[in-house]
Amino acid sequence: MYTLLIADDEQLERQALRFIIEKRCPDVRIIGEAGDGNSAVSIAVREKPDIVLMDIRMPELNGLEAARAIRTMLPHTAIIILTAFDEFSYAKEALSSGAVEYLLKPLHPNDLLQTLEAVAAKVGERKRREQEEAELRKNVEQAMPFIKHSFIQDLLSGKISDVDSFRDRAGFLGIKAEAGVILVANIDNFKQITRSASELERQIVKQRVYQQTCEFVGKETLVVPFGGDEIVILIGYEAAMEQAQVEPQVRAMARKIRDGITQLGISLTIGIGRYYDDPLQIHKSYLEASSAQQQKNYIGDNQIIHIDDLPHLSEVAFRYPFHYERNLLDKVRCGERQQAKEILRQLLHEIFTAKASIEMVKACVLELLIVLSRAAVEGGASLEKLTLLNFNCINQLTNCADREEVRRWILDALDQFMDNMLENRTSMNVRLINKACAYITENFHKSISLEEVAQTVHLSPYYFSRIFKAEQGCNFVDFLTKVRIDKAKQLLQNPEQTVVRVAAEAGYQDASYFCRVFRQEVGVTPNQYRTQFKQPKPSRGTPGKQQQLSKT
């Protein structure tokens, strides 16, 4: 339903327009009439019609002036100008005033109806787009926590590989950053102080801390709960600055957050990483902030700790064993679980024996988790299920206290990835082979090949041949032959069908070859099979003549 305002200084004209529209346009509802330009603007602003029929010649404000005023306040209202002057200058001026169409008086009803129909269609299309955009905005708003978490996860794991991608994703979240620094806030002794609380009460405490932190830092700073009891705070800078300028500002913001949370009766320790003017290096700031924050175990709770306050935590570089990683990913893609686990143990040994902090170890293993999940998806795993697994795994990694717990964590994650991959592969193979069998059954009378059928299910001939035999218990040629021979048996039951015609309809162009295949599969020739089919069954109690049994 579309709403319409009629603006014309002649009452008789308004009545005529109303009569035509109400009788011929059931989807248009007239919400008002105006006899002058000022009234037209006033009613339009109050009622917000979808369409306005506006006469040019009206007292006070003329139609063109009223149209401009309405378009200024209601830019989406469609205005159709009515004029008795068949002059291009008026039409041009009407369109420049914001009108979408103009009609010449005296109006022909069909012209009015066609114009209203066309304008209503445009209004309807605009409304549909607005509704879709509103739904999209609503969906995006609901998904915003996931979007923020995904961005932070990719940023902190070093998965964002180019600056443009960082800018686009950060800009979408309202962060204009060419550089940045990470803070990691953690509720002190959260598990101990909430031991007697219910899970709902624990989550309420975390939510209060998160909401208060968001209020303290403002909308242009990204705050994301990130595993366990951590809150990650990304402070972005639009232009490069000196470390000496940034550090006092960041420390002041950290104190503001800590002191504000303290007012809630909650103790909070905040670790601060170094400032990086390259957004692709910001993940290092997270490792530094996380390491600094964990020093509360030695210097006490409710602290603000900058990484530079702890020179003994300088980052120790080591050579990552990429050769093990490449072999590991190959084994995962191929579904070779035991070999993959053995290579993973060797890779972990290389990482664990390096002189690196536990947080550096966790960062390496977190990145390994991401590439393992990609390899599992390439091997047939469900991306949606693996995404959920990744989130669960990351939360568990945060709570790992030593290398042994990290080792068990990543091996367990690998097992889950492999289980998902093999489970998804099996169900996928069944669907693909069923589709292939249906294609063979529909096209057996044609000269079809294994390569052709494999192409219909988007598999390589070799892989298709292997999984077809595994699922069907026979190879492609045997299955095709069985389908053709079963069809031939049906056709041979009709005495009017010649063997040559039966052969052709069963997919064999050479009748002699058909007869050989039929005898090999059934045990008798086609004619013998037909004769057997026509023979009456022996009466009860009378031994039948010796018959050759067909293979069915």
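Reckoned from all heavy atoms, side chains included, excluding hydrogens, waters and symmetry mates.
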K.L.:
Should Asp309 and Arg251 count as an ion pair when the cut-off is N to O under 4.0 Å?
P.N.:
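The answer is yes: the pair qualifies as a salt bridge.
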K.L.:
CZ of Arg345: more than 12 outside heavy atoms within 6.0 angstrom?
P.N.:
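More than 12 heavy atoms, drawn from other residues, nucleotides or ligands, come within 6.0 Å of this atom.
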K.L.:
Decide, yes or no, whether a salt bridge links Lys284 with Glu288 under the criterion of side-chain N to carboxylate O below 4.0 Å.
P.N.:
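No, this pair does not count.
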K.L.:
Will you find, in the side chains of Glu452 and Tyr439, an N or O donor that is under 3.5 Å from an N or O acceptor?
P.N.:
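Yes, side-chain donor-acceptor contact under 3.5 Å.
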K.L.:
Can you tell me if Glu117 has over 12 outside heavy atoms packed within less than 6.0 Å of its CD?
P.N.:
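It does not: Glu117 CD has 12 such atoms or fewer within range.
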K.L.:
Indicate the atoms forming the closest heavy-atom contact of Pro49 with Leu74, along with that distance.
P.N.:
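Closest pair (atom of Pro49, atom of Leu74, distance): CD-CD1, 4.5 Å.
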K.L.:
Tell me, yes or no, whether the heavy-atom count around Gln131 atom CD, taken from other residues, nucleotides or ligands under 6.0 Å, exceeds 12.
P.N.:
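Count not over threshold, so no.
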K.L.:
Step by step, would you call Gln416 with Asp412 a side chain to side chain donor-acceptor pair (under 3.5 Å)?
P.N.:
CA-CA 6 Å; Gln416 292 184 65; Asp412 183 60; 2.9 Å; yes
K.L.:
How about CD on Glu404, more than 12 heavy atoms from neighbouring residues, nucleotides or ligands closer than 6.0 Å, or not?
P.N.:
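Enclosed: over 12 neighbouring heavy atoms sit under 6.0 Å from CD of Glu404.
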K.L.:
Determine the minimum heavy-atom distance between Leu264 and Gln212, stating which atoms define it.
P.N.:
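Between these two residues, the closest heavy atoms are CD1-CG, 3.6 Å.
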K.L.:
Report the C-alpha separation of Glu230 and Tyr286 in whole Å, then their side-chain angles, then the decisive distance to 0.1 Å, and conclude whether the side chain to side chain donor-acceptor pair (under 3.5 Å) test is met.
P.N.:
CA-CA 11 Å; Glu230 276 188 3; Tyr286 167 72; 3.2 Å; yes
K.L.:
Please enumerate all residues that pass ring-ring contact (aromatic ring centres under 6.0 Å, His included) together with Tyr2, with sequence neighbours excluded.
P.N.:
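ring-ring contact (aromatic ring centres under 6.0 Å, His included) check on Tyr2 returns nothing, list empty.
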K.L.:
Sequence neighbours excluded, which residues qualify as ring-ring contact (aromatic ring centres under 6.0 Å, His included) partners of Phe479?
P.N.:
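Here the qualifying residues are Phe468.
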K.L.:
Ser465: what forms a side chain to side chain contact (heavy atoms under 4.5 Å, CB included) with it, not counting sequence neighbours?
P.N.:
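Here the qualifying residues are Leu450.
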K.L.:
Would you say Lys469 has more than 12 foreign heavy atoms packed within less than 6.0 Å of its NZ?
P.N.:
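Open: at most 12 neighbouring heavy atoms sit under 6.0 Å from NZ of Lys469.
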K.L.:
Kindly check if the number of other-residue, nucleotide or ligand heavy atoms within 6.0 Å of CD (Glu405) is above 12?
P.N.:
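Atom CD in Glu405 is packed in, count exceeds 12.
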